[in-house]
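Note that this is a predicted model, so its numbers are computed, not measured. Naming convention: chains lettered A, B, ... in sequence-line order (proteins, then strands); numbering from 1 in each chain.
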Number of protein chains: 2
Amino acid sequence: MAPPVPSSTDTRSRILDAAARLFHEQGFNATGVSTILREAGVNPGSLYNLYPSKDALLAAVLERYTQLLHPVVMAPVEAATADPIDRIFALLKQYRDWFLPLEFRLGCPIGNLALEVADSHPEIRPLIQQNFDGWCGYVKKWLAEAGDRLPASLDRDALAATVLTVMEGGLMQARSSRSAVAYDASVAQLRSYIDLLLARASGERSRG
Amino acid sequence: MAPPVPSSTDTRSRILDAAARLFHEQGFNATGVSTILREAGVNPGSLYNLYPSKDALLAAVLERYTQLLHPVVMAPVEAATADPIDRIFALLKQYRDWFLPLEFRLGCPIGNLALEVADSHPEIRPLIQQNFDGWCGYVKKWLAEAGDRLPASLDRDALAATVLTVMEGGLMQARSSRSAVAYDASVAQLRSYIDLLLARASGERSRG
DNA sequence: TCAAATCTTGAGCGTTCATTCAACCATATC
DNA sequence: GATATGGTTGAATGAACGCTCAAGATTTGA
């Protein structure tokens, strides 16, 4: 009945779980290492055996977010609908459903860190960028799959970036107001914009 | 040659200047009171004579941002152009011009605080909300002034919130990538959307 | 079975944190 | 010139910070 993995794997994941949760709930600077240790049920030496510093732990948390992007964020959306345009709005709805029960109290874990540590931690910023790139990558893929349903002249990479903009900007306002209205408003305008694009492309197709 | 105002006015503004700059550059939690004191050239007793706590100082900084919103942010835009639609994009361009020279290193001072302290400081969140409301208020006014150049069916409050969404979401990505591309892309999509709305309204006017 | 390697323990390190306060100074009022 | 008021001084506070390390426990490999 020996454990199938070295015990440090369990320690590592307990630390990562606690750190990710606390960084999300309280922010990076506001979270003390001692709190992470307590919540993970681990002693300082164990943590510093695995990670040389609190900054390195943050890097590991962001690496894990990258790994979890598809299984946690994108897979449910892809399962919900096969239509590429619908997937965009399913993704935006998923975030709404996640954060509405908490009255938008936590916000996007990546976005929070982006604004808190992007300037002060040069080695962290690329990891945040990597998460955003991955996120946008899925939206770009969907927009490519939409084919000629969208105008040929449309800059699809720009639209993908705008979807992330809507998500993060809308969520920031939702957090500030503890209300969904600005988030919903932004998503509705994006819906309206994409509907106009779909209509224009449809017209272009029927005209030749 | 006696100073025309009590000396505490000067102390107060030196503290507010230093605190606002440091909160913007480093964030709230990462800024020590001792740093504010040093940069303001003030002793702890003077600060705590004016503000009972670091949190109260943050509140004062946010009050001042509210006061400065028109003279610093909106007045230059209103001076740049009288056209209400152009003003929206002049506003977005002004932020770009402010932050491009720093490679988007600092970001929006309000937005940064929104994500850092909205949850943990209940008395601060309304002040952030007040700043966002003021900002959106000007955009709403411009959209109203656009009259029937925009479709009657358009939800103008929702579009105003979306302008702020584009600004904050775009700036977040710009900070993460140290590049303007996602910001520019988001603004370009907004431009494209509003052009479609203007064209539709124009068609509606000419048809009836 | 034993030595080497790996992981865990937890008291304690030096530093920095936000904040306090008794004493001191400058001006205004009478 | 005495008194009151408001502002300033800056050393000192206890708590919390990120982190260390010698010692012990456990696992690994031969």
Nucleotide [N], atom [atom2] - distance to [atom1] of [X] in whole Å:
| X | N | atom1 | atom2 | value |
| --- | --- | --- | --- | --- |
| B:Leu47 | D:dG10 | CG | P | 15 Å |
| A:Asn49 | D:dG18 | CG | P | 19 Å |
| A:Arg12 | C:dT6 | CZ | P | 13 Å |
| B:Asp10 | D:dG6 | CG | C1' | 16 Å |
| A:Arg38 | D:dA16 | CZ | P | 11 Å |
| B:Leu50 | D:dG7 | CG | P | 7 Å |

> Can B:Glu116 and B:Asn112 be counted as having a side-chain donor-acceptor contact under 3.5 angstrom?
Replying inline: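 No - no donor-acceptor pair under 3.5 Å links their side chains.
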
Please tabulate, for side-chain N and O atoms in residues 157-165 of chain B, each donor-acceptor pair with protein atoms closer than 3.5 Å (sequence neighbours left out).
unit_1, atom_1, unit_2, atom_2, d
B:Thr162, OG1, B:Ala158, O, 2.7
B:Thr165, OG1, A:Gln173, NE2, 2.7
B:Thr165, OG1, A:Ser186, OG, 2.7
B:Thr165, OG1, B:Ala161, O, 3.1

>> Counting primed atoms plus P, OP1 and OP2 as sugar-phosphate and everything else as base, spell out the protein contacts along nucleotides 11-20 of chain C at 4.0 Å heavy-atom distance: B, S or - for each nucleotide, 5' to 3'.
In response: B-----SSBB

> Who passes side chain to side chain contact (heavy atoms under 4.5 Å, CB included) against A:Arg149, sequence neighbours left out?
Replying inline: A:Asp83, A:Pro84, A:Ile85, A:Leu198, A:Arg205

> With A:Thr31, which residues qualify under side chain to side chain contact (heavy atoms under 4.5 Å, CB included), at least two apart?
Replying inline: A:Leu22, A:Phe23, A:Gln26, A:Ile36

> Which side chain to side chain donor-acceptor pair (under 3.5 Å) pairs, counting each pair once, include a residue from residues 55-78 of chain B, with sequence neighbours left out?
Replying inline: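 Every side chain to side chain donor-acceptor pair (under 3.5 Å) pair that includes a residue of residues 55-78 of chain B, provided the two are not neighbours, is B:Asp17-B:Arg64, B:Asp55-B:His121, B:Thr66-B:Gln130, B:Thr66-B:Asn131, B:His70-B:Glu78.
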
> Can you pull the ring-ring contact (aromatic ring centres under 6.0 Å, His included) pairs that have at least one residue in residues 151-186 of chain A, sequence neighbours excluded?
Replying inline: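 Sorted result for residues 151-186 of chain A: empty, none.
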
>> I want to check one thing: is the phosphate of D:dG10, taken as OP1 and OP2, less than 4.0 Å away from some side-chain N or O of B:Asn43?
In response: yes

